[in-house]
2 protein chains.
Amino acid sequence: MPRAGLSEDRVVEEATHLADEGGAVTLVEVARRLGVQVPSLYKHVDGADALQALVAARAKRELADTLARATVGKSGPSAVDALARAYRTWADEHPGSYASTLRAPSVDNAAEIAASDKAVGVLFDALAGFGLHGDDAIDATRYCRAVLHGFVALEAANGFGLPGVDRTFEKLITALQLTLTHWPSLTI
Amino acid sequence: MPRAGLSEDRVVEEATHLADEGGAVTLVEVARRLGVQVPSLYKHVDGADALQALVAARAKRELADTLARATVGKSGPSAVDALARAYRTWADEHPGSYASTLRAPSVDNAAEIAASDKAVGVLFDALAGFGLHGDDAIDATRYCRAVLHGFVALEAANGFGLPGVDRTFEKLITALQLTLTHWPSLTI
DNA sequence: GCCTTAAAGCTAATGGGGTTAGCCAAACTT
DNA sequence: AAGTTTGGCTAACCCCATTAGCTTTAAGGC
């Protein structure tokens, strides 16, 4: 029996592909794809839950990188536009990865938390061009995340029954830009 | 062996309670709580997946009713305020039910789709006070759903690392009211 | 180049959850 | 009271996750 040459990374990669193709991420299926028996996976990964967490951490890193690349050299409304489109596109193209990022990260998983922080950091930086500080910056960042995540999640769950979703997304970007521009005056 | 006096409704109710208490909704646990053996559940419910769908449909109906009650007699910004608070509160108090509503409804489940439509309808009606029509009304409704769902989902997943979430939510309401007020002019 | 050894694969066995088949008693119908 | 439908049950079978423990590979020290 020649070795399959696996590694934690290889296993996580295959699980990610499986998830993004819409399959259920089971150890049975991952093992089958890797040409290996199920218990062999335990040499690289600490069970099904741990594999899920690794997939999530990988997904968050990739999302953060994608957002960072999309917004490089941009700021203010133009950064928001680029970021929103990159976010939606990535989520659409990696539905399994995106879904994996929604689980609350386990407290003991430093890698996943770091990846989370990185993604939020990119968003936070992109909003710097609006001149927000302190609580305003935090609140605006959270608002952005909520809008983008909410839209993408509803789209993924087929929550928008009718056509015209692209049109709605264009409006969403404009609304978001406007909201951020006027954020400080929201204190009424 | 005296009968337990079950019914589809009773099973779904118990599954809902279980979900909202944070437990995993398994047939084993539902049966245990009802004082019955697992296969007996099949006399009332068509398997685990079907039970999930029924829980989701029930949740959507309840959410729709809650939103409707919260907004009765209100319109415009005041309706949005009431609706946003009711939405967040209900989701916080019924985390399992809320999570169940996120699965895409199966195409053949008329009850679940009807419940979805009802919830969206309440939101749609609440926005009538802003004088939106046609695509604008649809886009604004979707934007609202995205913001509210995104915020609640991130909050539930412990996605906001720092404190001050209540403050952020107040800002969110104000931002939403402002956005809806100026929606038609978003065409730039 | 051997010899040791850690790592990476394997088989076998256990346990939990879901599902089906088929039996039997309780309750309803007339 | 007899017949029928209904709601419970037991037994058996899947699928997936996990653990224990064995074997072989491949890498490193001498």
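So you know, we letter chains A, B, ... as the sequences are listed, proteins then strands, and number each from 1. Note that the structure is predicted; figures quoted are calculated from it, not measured.
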For the residue pair A:Lys60 / A:Thr101, report whether a side-chain donor-acceptor contact shorter than 3.5 Å exists.
no
Do B:Thr179 and A:Thr179 meet the criterion of a side-chain donor-acceptor pair at a distance under 3.5 Å?
yes
Whole-Å distance, B:Leu41 CG to D:dT10 C1', equals 15 Å
Taking NZ, NE, NH1 and NH2 as the nitrogens, is one of them in A:Arg88 or A:Asp166 under 4.0 Å from a carboxylate oxygen of the other?
yes
Atom-to-atom span, CG of B:Asp49 to P of D:dC15 - whole angstrom:
16 Å
Mind running side chain to side chain contact (heavy atoms under 4.5 Å, CB included) on B:Arg103 and B:Glu112 for me, showing each step along the way?
CA-CA 11 Å; B:Arg103 302 169 32 266; B:Glu112 190 172 357; 3.7 Å; yes
Compute the centroid of each ring, for B:Phe169 and then for A:Tyr143, and state whether the two points are separated by less than 6.0 Å.
no
What is the separation between atom CG on B:Leu27 and atom P on C:dT20, rounded to the nearest whole Å?
11 Å
B:Tyr42 side-chain N/O to C:dT20 phosphate OP1/OP2 under 4.0 Å
no
Cationic N near anionic O, under 4.0 Å, B:Arg85 to B:Glu170
yes
At 4.0 Å (heavy atoms only), tell me whether A:Val36 reaches a base, stays on the sugar-phosphate, or touches nothing.
sugar-phosphate
As a test of reading the structure: which of C:dT20, D:dC16, C:dG18 is closest to the side chain of B:Pro39, going by heavy atoms?
C:dT20
Can you tell me how far C1' of D:dA12 sits from CD of B:Gln37, to the nearest Å?
15 Å
Output a table of nitrogen or oxygen pairs between the protein and nucleotides 5-8 of chain C separated by less than 3.5 Å.
unit_1: C:dA7; atom_1: N3; unit_2: A:Arg3; atom_2: NH2; d: 3.0
unit_1: C:dA8; atom_1: O4'; unit_2: A:Arg3; atom_2: NH1; d: 2.7
unit_1: C:dA8; atom_1: N7; unit_2: A:Lys43; atom_2: NZ; d: 3.4

